[in-house]
2 protein chains.
Amino acid sequence: MKRITIYDVAKEADVSLATVSRVINDSNVVREDTRIRVQEAIEKLGYKPNAIAQGLALSKTTTVSIVMSEKMFAYNGKILNGLMDVAKIYNYNIMFHTTSKGISKMQDVIESIIKSRVDGVILFNDNFSLEEMEVLNEYQIPMVVVGSKITETKIGNVGNVYINFEKMAYDLVNKYFERGIDDISLVEDKLNLSMMEQLKAGIDRAYAEKGKVFNKYISYDDNNYKSSFNFLSDYYKNNRPSKLVITFRDSQAIAVLNACQEAGYSLPEDCELVCVLNNKYLTMTRPNVTSYNIPEYDLGAVAMRLLTKMLVDDDSVKDNKDIEMSYVLMSKGTTK
Amino acid sequence: MKRITIYDVAKEADVSLATVSRVINDSNVVREDTRIRVQEAIEKLGYKPNAIAQGLALSKTTTVSIVMSEKMFAYNGKILNGLMDVAKIYNYNIMFHTTSKGISKMQDVIESIIKSRVDGVILFNDNFSLEEMEVLNEYQIPMVVVGSKITETKIGNVGNVYINFEKMAYDLVNKYFERGIDDISLVEDKLNLSMMEQLKAGIDRAYAEKGKVFNKYISYDDNNYKSSFNFLSDYYKNNRPSKLVITFRDSQAIAVLNACQEAGYSLPEDCELVCVLNNKYLTMTRPNVTSYNIPEYDLGAVAMRLLTKMLVDDDSVKDNKDIEMSYVLMSKGTTK
DNA sequence: TTGTAGGCGTTATCAA
DNA sequence: TTGATAACGCCTACAA
């Protein structure tokens, strides 16, 4: 079965291909009865415009790339939902790229992005280097980084939709200072090192302002639940938990919870626990884990919206490509 | 900055564009010194072949579409990893489509898949109808369905990589029959209705063979953890739990666990619990929840591998497009 | 309002 | 071994 092209439709409707093109693209210069004739021909033949040919002709693919690390799938689901929904609304297709240690390096991904001639790119934090952004920039591909704040850069067409983790940590620590508590520890998450850095910076700043120094950054090898639990389980047999423990991901929070309880401490009496990233699993524990309500879906939605604006070169975003999203601390069972 | 084309490279290397095309595509008819000259020109200009133009010329995009429902994203992470890794190995790009109730219906997704001229499609179960597969088939787009077994169909180019949930349930129930236990209930998962159907079919068959009838299919509105827990919490206040409860997803298993314990029952003594889908959260509960070790990554990897074979029309898969994957029951704390 | 023709960047077929 | 040249399917001036 031969693939139907615009020529076939033109012949069927007895018009030129230009006219068919016009009705496809909703040009308003075409007379009503010929439009109908063309529409009928399209129906009859089951014609679908070839997006590839359109892309070539227009030098525009209406496609944007999303690149994220394989390991982060499970955690970025909501953000992705936001990205996808908004992309759909603006009729963009999505090319999806993942990076993983062995099989696909960021460098290859960039290569295929450039070849694909996508109109724009969404990057997740902790997944790329400045160098790679510069390459994309050389090829004039607009991009927006979603997640945390990127460090100052002179690269041109870059947007950033983020949570201010530095401030988040700073404020949280100060709240505990006010209650007279300064025995605080932060559990490292190796999957989100740039976020960790920002959290730590916020804590450091808060401590520094009180003339103190923060030194309970808990770091250990590997980073799944099991290794976290094993490490912490040991740890809390020899060290009593801090008055406040801050973790980034759910599995770490649950590891702290289980390890503490196993070591005979009870939450929140002996130890309060705050997890940065919120998800449903934190409501399945007992007690439920206090966490931040981060607008993940909106992070994605806003990022994609920003990108679409950048793609039409909307002047309204010219100097407004940094968007900080808000969040709310949700007190649950592991804090007083 | 003008985009570099094959012409620019040809001029720079002082050859014709045909020759450039040859070195790009590793044709072995080009003399070594001119190949080097061309390579240098490519380097110097930073030329990257335009995949869109290639797609047009070859009527082949080296791109496959993956379509899954937004809600299932979190659960299909591993499968997606498998899909992405293998796609990467065979140099396929991925177009990613999600379906959701409001914003993007399957019908629109199909439409954009056809327009995109992707070479093949991966479909997840419980996300499409036979009708939509027929449309893809009309446009001669090979597809493979991953997840559970699809019902018999005469549609041509369709592969299927699946878990045999019917058999899984049948075997499990029989195992309990052998222990003299026939008080079994199955908790419905509205997100995976076709899987539920198959599980139920397996249970029904086992019961029928014993001349009994299965009637503890627990169904309730909505399907997040909270609604599950609330429903079950009530339920177990008025009904004692079955000797064996089977759930599909983690959050339902945890809901059963928490609800039972809250109602004063203890697992596995009063009630055994088996969750079909395994994930890390089932090892964070106490006791850990018994579940099946399903080769999710392999499901994805095998599915994508099958699709790539179908795309080159490999005769080796002509009559071998149904692949059943195995699984293992992992006894943990909620079974004896 | 409609049609003609050139261009988008490659690949592939033929000649040379 | 290399170079013209015609597709690939569509869009868009420009002309009619």
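All of these numbers come straight from a predicted model, not from anything done at the bench. As a basis for the values below, the full set of heavy atoms in this structure was taken, side chains included, without hydrogen atoms, waters or symmetry mates.
Distance OH (Y7(B)) to C1' (dG3(D)): 12 Å, rounded to an integer number of Å. Residue I6(B) contributes atom CD1, which lies 12 Å from atom P of dG3(D) at whole-angstrom precision. As rounded to whole Å, 8 Å separates atom P of dT2(D) from atom CZ of R22(B). Put simply, CD1 on I24(A) is 15 Å from P on dT2(C), counting in whole angstrom units. For the pair L17(B) CG and dT11(C) P, the interatomic distance rounds to 9 Å; values are reported in whole Å. Residue L56(B) contributes atom CG, which lies 12 Å from atom C1' of dC11(D) at whole-angstrom precision. When the C1' atom of dT10(C) is taken as reference, atom CG of N25(B) falls 9 Å away, rounded to whole Å. dT2(C) atom C1' lies 12 Å from atom CG of D14(A), rounded to whole Å.
Minimum atom distance to the side chain of A57(B) is reached by dT10(C), of the listed dT1(C), dG9(D), dT10(C). Distances from the side chain of V15(B) to the nucleotides dG3(D), dC10(D), dG3(C) place dG3(D) closest.
Place D33(B) and V20(A) on DNA chain D by their nearest nucleotides, and D33(B) ends up nearer the 5' end.
Considering only side-chain N and O atoms, S59(B) lies nowhere under 4.0 angstrom from the phosphate OP1 or OP2 of dC8(D). Phosphate proximity of dT2(D) to T19(B): absent, as no side-chain N or O sits under 4.0 Å from OP1 or OP2. Distances shorter than 4.0 Å separate some side-chain N or O of S21(A) from OP1 or OP2 on dC11(D). Residue T5(A) has no polar side-chain atom (N or O) positioned under 4.0 Å from OP1 or OP2 of dG9(D). Within the 4.0 Å cut-off from OP1 or OP2 of dT1(C), not a single side-chain nitrogen or oxygen of T34(A) is found.
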Under the side chain to side chain contact (heavy atoms under 4.5 Å, CB included) criterion, do V158(B) and K321(B) qualify, and how do the steps go?
CA-CA 7 Å; V158(B) 181; K321(B) 294 206 283 270; 5.9 Å; no

Quick one: do Y297(A) and D85(A) satisfy side-chain hydrogen bond (donor to acceptor under 3.5 Å, both in side chains)? Show the steps, please.
CA-CA 9 Å; Y297(A) 181 92; D85(A) 282 355; 2.4 Å; yes

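Put simply, CZ on R35(A) and OG1 on T19(A) are 11.0 Å apart, with the number rounded to the nearest 0.5 Å.
Among the heavy atoms of the strands lying under 4.0 Å from V30(B) are primed sugar atoms or P, OP1, OP2 only; no base atom is included.
The aromatic rings of F73(A) and F96(A) lie parallel to each other, their planes meeting at an angle below 30°, with 60° marking the opposite boundary.
Formation of a donor-acceptor pair under 3.5 Å by the N137(B) side chain with backbone atoms of I155(B) is not found in this model.
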